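What follows is a single structure, written as C-alpha cells, with notes after it.
Residue numbers begin at 1 in each chain, while the letters A, B, ... track the order of the sequences. In this text, all values refer to a predicted model and were calculated from it rather than measured experimentally.
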Amino acid sequence: MKKLINAVDDFVRESLEGFELAHGDLVKVNYDPFVVYRTDAPRQGKVALVSGGGSGHEPMHGGFVGRGMLDAACPGEVFTSPTPDQMEWATRKVDGGAGVLHIVKNYSGDIMNFEMAAELASESGTQVESVVIDDDVAVRDSLYTQGRRGVGGTVLLEKLVGAKAEEGSDLKAVTELSRDVIANVRSMGLALTSCIVPAAGTPTFELGDNEVEIGIGIHGEPGRERISMESADELTDRLAGPVIEDLGLNEGEEVLVFVNSMGGTPLAELYVVYRHVAQILDQGGVRITRRLIGPLITSLEMQGCSITILRLDDEKTRLWDAPVHTPALRWGA
Amino acid sequence: MKKLINAVDDFVRESLEGFELAHGDLVKVNYDPFVVYRTDAPRQGKVALVSGGGSGHEPMHGGFVGRGMLDAACPGEVFTSPTPDQMEWATRKVDGGAGVLHIVKNYSGDIMNFEMAAELASESGTQVESVVIDDDVAVRDSLYTQGRRGVGGTVLLEKLVGAKAEEGSDLKAVTELSRDVIANVRSMGLALTSCIVPAAGTPTFELGDNEVEIGIGIHGEPGRERISMESADELTDRLAGPVIEDLGLNEGEEVLVFVNSMGGTPLAELYVVYRHVAQILDQGGVRITRRLIGPLITSLEMQGCSITILRLDDEKTRLWDAPVHTPALRWGA
Amino acid sequence: MFSSEQAVDWVRRTAAVIGEHATELTKLDAAIGDGDHGTNMARGFRAVLERLDGLPEGANLGAVFKAVSMALIGKVGGASGPLYGSFYLAIGRELGDATEVEDGAFAAALRAGYDSVVARGKAQLEDKTMLDALHPALAALDAALADGKDLGAALDAAEAAAREGVAATIPLIARKGRASYLGERSRDHQDPGATSSHLILGVLADVVNGR
Amino acid sequence: MFSSEQAVDWVRRTAAVIGEHATELTKLDAAIGDGDHGTNMARGFRAVLERLDGLPEGANLGAVFKAVSMALIGKVGGASGPLYGSFYLAIGRELGDATEVEDGAFAAALRAGYDSVVARGKAQLEDKTMLDALHPALAALDAALADGKDLGAALDAAEAAAREGVAATIPLIARKGRASYLGERSRDHQDPGATSSHLILGVLADVVNGR
Ligand SMILES: Nc1ncnc2c1ncn2[C@@H]1O[C@H](COP(=O)(O)OP(=O)(O)O)[C@@H](O)[C@H]1O
Ligand SMILES: Nc1ncnc2c1ncn2[C@@H]1O[C@H](COP(=O)(O)OP(=O)(O)O)[C@@H](O)[C@H]1O
Ligand SMILES: [Mg+2]
Ligand SMILES: [Mg+2]
Ligand SMILES: [Mg+2]
Ligand SMILES: [Mg+2]
C-alpha cells in the first residue's frame, strides 16, 4: 500500500487538520468527537443541516460545509459510519433554534448511529428531523431488504436543501424538499480498480486486468455483476440506462447530470462519459440544463465513475443556481 | 489498460466534445485544429492569453479558459506539445487588437511549436509576446541544458496574469507580471505510480511496490531519484525543502501554497501533505495567506502529488482574489 | 452465579480474542461488505479496555456493562457499533447495581441484550446477521438451564449453537446490512457479525467454566 | 542525380519503416523521455502519406518536401515535429522547382535541412539529440562525394555513420529535450530522435541504391 499518509490510525485526524488549516475561513473542526462545522454556527433562526458518513469519500461531506450547503458534517473512520456522539455534538453545536435536519445515506450503520444521536439530541430538546437518501439503482429495492444505498444523489441533495435552508425556510419545508429530491434522483456506478482501505492495507476486492465491477458501492462493496472491459460508450449505456429507466424520464423533461469520479479516474475520461450521457438523453428528448462533473463522492483512489441524474423543476433549478461557498463547491460567491 | 475511453485515437477529441457539451456557456471548441476558446472571444482591447500543451493534464489548460483567466488553450495529443497551426488559429481567433501573450511551459517541443506559431502570427500582423515558465526545482538549472520544466506554477501564472489582462492592462504590463510571477514560483512533485499513455497502452515507467519517484515531471518523465516509500511527512519534506530553499523564502514573507494531485491521489491525502507544508512554513515564520488544493495539473491517472509555492505581494494577492469563472476554477462570480 | 469480576474478565478476554481474529473478521466483511468489521470491533474493544481501567474497584454489573456499551457506541461506528452497544447497554440495565446474580437472572439479561439488538437493527432471523448466531445460542442457553444444567454447561451449549448458527449463515442471502446489496452474490459467504457474536459467547463460556 | 520520384519513394517508404519501428522508438523515449516519439512520428508520417496523395503528378522536389514538412509540422507535435518539419522544409526550399538535381545539389539540400534543425532546436553536438546521427552522416556523405563516389555509395557511408552516431548517443548525458531533465540518469540510453534520423537516412540510401 503506497499512500501519502503517516500512521494509519492518524490518517483521518491529520487529513482533517490539513483541511481546517486550508479552509479555516469557512469551517472549524472539532477533534473529539470529529465534527466539521461552519465557522458562523449556530445561525440563529436557520434550519441547520447535519450530514455524516465514513471518511474516504472526500470532498463529501466536510467539503460541503459552508454557506448555502451543510452546517456540520461528521466524518467516521474510513468507510465506517460515524458514531452517535459525533452527530449529537454536531446537532447541539449548529442548532439555531429552528431545528436540525439529519441527512442520512441508507446504510444500516449510518441509520442506526444517526437514530441513536437523534434520540439523544431530542432528549435535550432539539427538534430533529431526518431524511434517508437511497438513490443507487444498482441495488434492487425491496421491502424485505436494506433497500438501496445512498450515493451520488447525496451531493445534489445537500446542495439543494442547503440553499433552501439558507433562504430561511422552516424545518417542515426543508424536510419536504429533501424527500422530493430523493424521489427524483437516481445513480449508478462502476469500478475499474479496487481501493485500499488504509487499516486493511490490501485491496478490498480483486478485479482482473480486463474486468469491470458494475453497480459498485462507494465503500468498495462488490457490485451486482462483473463483466469484461468495454468501451466508455458501452459502459456509459450500462449505467445511464437503468438510471434513466428507474427515473421514468419523459421527453421534454429537464435534468441535472452529475458524472462523478470514484477518485482515481482522471477528469478527461469523465468528459468522455458525459459526452455519451448527453447523446443518450438527447435521443430521448430530455434536456440537460445543469451539470456537475468531477470527483465529489469518491472511494479513496478507486478508478471508476458514477452517473447521477436529477429531475429538475423550476424550484430545484433555482436552488441549484443559488450561491454556495464551501471548500469543494463554490459559485455565486 | 483499463480506461473510460473509446478508440484511443478518438480520446482527445471525444473528451473535448464532452467538455464543450458540459461548459458551452463558457467555452467553445474548434476541432480542426483543436482549440478551446472563450465564447466571447475576441474581447476588443483586451490583451489575449493563449496557452497550450499536451493533453492528459486536465483540467489544465482547457479548464482555465474563461473570464479572468485564459482566452484560448491548445490541447495537443496526450503528453505531446500542440502544433503551430493550433496556436496560430487560437492567436488569430482571440486577438482583440491589444496583442496576444503566449504562455509556454519550458519543454523543447512546446517552445519550438509556439515559436513557429508566433512567427506565422506576427507575419499576419498580430502582436505576440511569449513567456516561458520553468518552475520545477527537481531539474537542476544550467545554461547548457534545456533548463527547468514548467509544472504547477503554470496554473497560478495563468490565474494571476488572466486577472491582470481582465483588468485592461496592456501587453507590456501583462508580460512583465508574467515574468515577475515566474521569478517567484517554484514546484516539485513525486509519483507513487506511473500512468499509462493510451497510445502506448503500458505504464510509462515501472515503479516497485515500495518505490517513489522524486522529482517526477508531468509527462511521466522519470524524476531525479528513486527512493523507497516513506511517510507523508517525510515525502513532503523532500518536496517542500528544495522549493522553499530555491525560492529563498524569508521569515515574515507571505506565500500561496498549491498542493496538487497527479490525478490518482485522493483529496484526503493532499490535506495530509498540506498539513505538513503548513507546519514547515510556520516554523520558518512564513505566512500562508492563500492556498489551492486539488487535481489541477495532472498526469492522467498517476498517483502522486506536487507542491508549488508562490511568493505573494499585494498585487499578486489582489489578482489571485479577483473574480474568475472557468470550468475548473471559479470564485467571485 | 455470575459476578462483576467474571463480567470484567469476559470483556477483557473478549478484547484479546477480537484482536486475534480482527483480520479474519475483516476478510469475511471484505467478501460481502466493506472490509472493516474486524478493524471496527478491535478499535471498539481497545476503547473498552481503557474504560474498564477507569472503573472503581468492585463496580456493579450495571456499571461494567454500561461502560462497555458506551465505549463501543462511541468507537466502533458502522452497523456493529450501535448493535453491540445496545446489546451490552440492555444487559447492564437489566442487571442494575447487583455485583452478583443467579444463573437465570444472567440468562434473562442476555435475552434483554438480544431483544435490544433486534429493536435497533430490525432484522429478522435468516437475514444473515449476528442474530443468526445470537438467537440459537440463547435458545440453547435457556433450554439447558431449564434442564437443570449449570451456567457453565449451558453456556457451552450456547457456544455450540452459535457456532452452528454461524455456519448456517453461509448459504443465506443477506437481507440486512451491506451484504444485502449483493443479493444472490451474498450467498456462500459467512457473515462477519455472526462470527464475532460467536467469538464473544465462546469467551463467556470459557470464563464461566474457569477455562 | 536525385528525382521527385525518388523523393516520393523515400518519404513513402520512410512512413512504412517508421510505422514498423514505432514501438521501438516509443520504448526508447519512455526510458529517458515521455514515451511518445514513435507514436508522434507514426502519426506524422500517416499524415504525410495523405498529403502526398493530394500532390499532382510529377510535382517538383520543392513541392514534395514542402508537403512533407507541412504534414509533419501539423501532426507530429512534440519536439520532433518542428525539428523534422524544419528539416524537410529547408530541403524543399533549397531544391525549389527542380524535378531532378545533381548529387552535389541534393547533398547541399540535406545540409540546409540539417542547418535549419540546428537553428530551430539550438542544440549542440553531443547533447544527445538527432543531431548526433545527422551530423556524422552528412559529414560522411560530403566526404564520399568529394572522393568521387556516387550518391548511392555516399549515402551508404552516411547511413553507416548515422548508425555509429546513434550508438554514440548511448553514453551521453542529455542536455536538450526531455531527457535532459534526467541529468546523469539519461546516460546509458539510446536517443530516440537520433534513432529515427538513422532510420530515415537508411531508407534514403536504399531508395537511391535501388534496393
Ligand atoms: N440491521 C442489522 N441487524 C443486525 N445485524 C446487522 C444489521 N446490519 C448489519 N448487521 C451486522 O453487522 C455486521 C457488519 O458490521 P460492520 O462491518 O462493523 O458494519 P458496516 O456493515 O457498517 O461496515 C454484519 O455482518 C451483520 O452481522
Ligand atoms: N533542441 C533539440 N534539438 C534537436 N533535437 C531535439 C531537441 N529536443 C529534442 N530533440 C529530439 O527529439 C527527440 C524527442 O522527440 P519526441 O519524443 O517526439 O518529442 P517530445 O520530447 O516533445 O516528446 C529526442 O530524442 C531528441 O533527439
Ligand atoms: Mg463499514
Ligand atoms: Mg511528448
Ligand atoms: Mg463492514
Ligand atoms: Mg517524447
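Only the backbone of Ala333(B) comes within less than 4.5 Å of a heavy atom in chain A; its side chain stays farther off. With a 4.5 Å cut-off on non-hydrogen atoms, Thr298(A) does not touch chain B at all. Heavy atoms of Arg291(A) lying under 4.5 Å from chain B belong exclusively to its side chain. Heavy-atom distances place both the backbone and the side chain of Leu21(B) under 4.5 Å from chain A. Neither the backbone nor the side chain of His276(B) comes within less than 4.5 Å of any heavy atom of chain A. Contact annotation for Leu190(A): only side-chain heavy atoms (C-beta onward) come within less than 4.5 Å of a heavy atom of chain B. Proximity to chain B involves both the backbone and the side chain of Leu192(A), based on heavy atoms less than 4.5 angstrom apart. With a 4.5 angstrom heavy-atom cutoff, Gln303(B) touches chain A only via side-chain atoms. For Ile5(B), the parts lying under 4.5 angstrom from a heavy atom of chain A are both the backbone and the side chain. Using a 4.5 Å cut-off between heavy atoms, Asp209(B) touches chain A through its backbone atoms (N, CA, C, O) alone.
Results of the side-chain contact (heavy atoms from CB on, under 4.5 Å) test with Val36(A) over Val65(A), Leu70(A), Leu26(A) single out Val65(A) as the only residue that passes.
Smallest separation of non-hydrogen atoms from Ala191(A) and Met302(A): CB-SD, 3.7 Å.
Distance CD/Glu213(B) to CZ/Arg226(B): 4.5 Å, rounded to 0.5 Å. To the nearest 0.5 Å, atoms NE2 (His219(B)) and CG (Leu300(B)) are separated by 10.0 Å.
Across Pro327(A), Ala278(A), Gly264(A), the residue that shares the most heavy-atom pairs under 4.5 angstrom with chain B is Gly264(A). The choice from Leu235(A), Leu267(A), Ile288(A), Asp233(A) that makes the most heavy-atom pairs within less than 4.5 Å of chain B is Asp233(A). When each of His23(B), Arg13(B), Arg290(B) is checked for heavy-atom pairs under 4.5 Å with chain A, His23(B) comes out on top. Interface summary for chain B: among Met229(A), Glu58(A), Arg330(A), the most heavy-atom pairs under 4.5 angstrom belong to Arg330(A).
Between Tyr271(B) and Phe19(A), the angle of the ring planes goes over 60°, which puts this pair in the perpendicular group of the 30/60° scheme.
Contact annotation: the side chain of Lys3(A) approaches that of Pro198(A) to within less than 4.5 Å [non-hydrogen atoms, C-beta and beyond]. Using a 4.5 Å heavy-atom threshold, the side chains of Met262(A) and Ile216(A) count as touching. By the 4.5 Å heavy-atom criterion applied to side chains, Leu156(A) and Trp320(A) are counted as neighbours.
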Requested in this report: List the steps, then state whether salt bridge (Lys or Arg N to Asp or Glu O under 4.0 Å) holds for Lys2(A) with Glu211(B).
Outcome: CA-CA 8 Å; Lys2(A) 280 193 291 185; Glu211(B) 288 182 322; over 6 Å; no
